Number of protein chains: 2
Amino acid sequence: MAINKLELFEEGLRRNAALFKALGHPARLAVLKYLAGIKTCICGDISNELPLSRTTVNQHLKELKKVGLIKGEVEGVKTNYCINPEKVEWLEKTLTSFIEEIKTSSGIIKTEDDCC
Amino acid sequence: MAINKLELFEEGLRRNAALFKALGHPARLAVLKYLAGIKTCICGDISNELPLSRTTVNQHLKELKKVGLIKGEVEGVKTNYCINPEKVEWLEKTLTSFIEEIKTSSGIIKTEDDCC
DNA sequence: AATATATGACGTATTTTTGCGTCAAATTAC
DNA sequence: GTAATTTGACGCAAAAATACGTCATATATT
């Protein structure tokens, strides 16, 4: 893209898009699933679970942290990563309300074949 | 990326990630909102609503069509785009079930501060 | 103190995405 | 028939994402 056009869209759309984007890579979904399953914070050996190098995984962790879906807590030389429950709740609300908006403003709930 | 590593992840994650990715751009969210609001299929003048060129919008439409969230129906020289209700329903189910999986396998519902 | 380990910062190469202009084909209007 | 519209295909350039290696730093371990 020649120019960055992202700021031409309204704030809400940009925020939602950023959230979706963060979830738009299998590695990051895998990280979330893994962290969810571990429950107790593991010391950043997540890379062993994925078919990616440690530095690459680190980058994905950074992305997830950026949108707040995970937290990283330094403990000595190690770092404990875990899911941020509040953000997951917020994610769910955001997504469902967006979809609900789509569904209601289109007539999905009531009408059938109004369209096409 | 030197090599394409995507196929190293399991099918389910890849499908979900692809879906999230399609929603990971404000222009595409804007298109969805617009189509939802229009209800009746408009003849592809969506580009007038967005701060992007026609060809760029066309590309985004292609992306949305690829994941099935919208349908395009040719009518003479024009093309009518509209939201695919079934896919939106499916999207909602997919998202909520993924999030639910995260929430239950981590102990978000019951425990507090088990983690971090 | 010397060594080993864990981590993030940095740089780099490759691929993908984004954005747009141009063009050709098809259709509609005149 | 001729001109105008609408659209998708194609190609191209800039930007971002992806993947990884190397390095420096900080903390354990010996």
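Since the model is a prediction, treat every value here as computed from it, not as a measurement. Order of the sequence lines sets the chain letters (A, B, ...), proteins ahead of strands, with each chain counted from 1.
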If you check every side-chain atom of [X], which of [options] has the closest atom?
X: A/T56; options: D/dT27, D/dA19, C/dT18; result: D/dA19
X: B/Y81; options: C/dT7, D/dG8, C/dA26; result: D/dG8
X: A/S53; options: D/dG8, D/dG21, C/dG8; result: D/dG21
X: A/N58; options: C/dT7, C/dA6, C/dC20; result: C/dT7
X: A/Q59; options: D/dT7, C/dT7, D/dC20; result: D/dC20
X: A/K62; options: C/dA9, D/dA9, C/dT16; result: C/dA9
X: B/K78; options: C/dA9, D/dT7, C/dG19; result: D/dT7

Honestly, is A/K93 close enough over A/W90, meaning NZ or CZ under 6.0 Å from the six-membered ring centre and within 45° of the axis?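 Judged by the rule, A/K93 and A/W90 form no cation-pi pair.
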Nearest-nucleotide comparison on DNA chain D, the residue closer to the 5′ end among A/R54 and A/E63: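 Taking each residue's closest nucleotide, the earlier one in sequence belongs to A/E63.
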Given DNA chain D, 5'-ward residue of the pair A/H60 and B/V74, judged by closest heavy atom: B/V74
Rounded distance in Å - [atom1] ([X]) to [atom2] ([N]):
X: B/E75; N: D/dT6; atom1: CD; atom2: P; value: 14 Å
X: A/F20; N: C/dT17; atom1: CZ; atom2: C1'; value: 19 Å
X: B/K66; N: D/dG8; atom1: NZ; atom2: P; value: 16 Å
X: B/I46; N: D/dT6; atom1: CD1; atom2: P; value: 14 Å
X: A/I42; N: C/dA6; atom1: CD1; atom2: C1'; value: 13 Å
X: B/L52; N: D/dA15; atom1: CG; atom2: C1'; value: 15 Å
X: A/L61; N: C/dA9; atom1: CG; atom2: C1'; value: 15 Å
X: A/L29; N: D/dT18; atom1: CG; atom2: C1'; value: 15 Å

When rounded to the nearest 0.5 angstrom, what is the spacing between CZ in A/R14 and CG in A/L19?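 A/R14 atom CZ to A/L19 atom CG measures 14.5 Å (nearest 0.5 Å).
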Describe the nucleic acid contact of A/T55 in one word from base, sugar-phosphate, nothing, applying a heavy-atom distance below 4.0 Å.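 Since a base atom lies under 4.0 Å of A/T55, the category is base.
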Determine: side-chain N/O of A/K21 to OP1/OP2 of D/dA17, distance under 4.0 Å, yes or no. yes
Is the distance from OP1 or OP2 of C/dG19 to the nearest side-chain N or O of B/H25 less than 4.0 Å? yes
Backbone N/O of A/A22 and side chain of A/R28: donor-acceptor pair under 3.5 Å: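 Yes: the side chain of A/R28 pairs with the backbone of A/A22.
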Is A/L29 close to B/F9 at the side-chain level, that is, under 4.5 Å between some pair of heavy atoms?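 No - every pair of side-chain heavy atoms lies 4.5 Å or more apart.
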Has B/E75 got more than 12 heavy atoms of other residues, nucleotides or ligands less than 6.0 Å from its CD? no
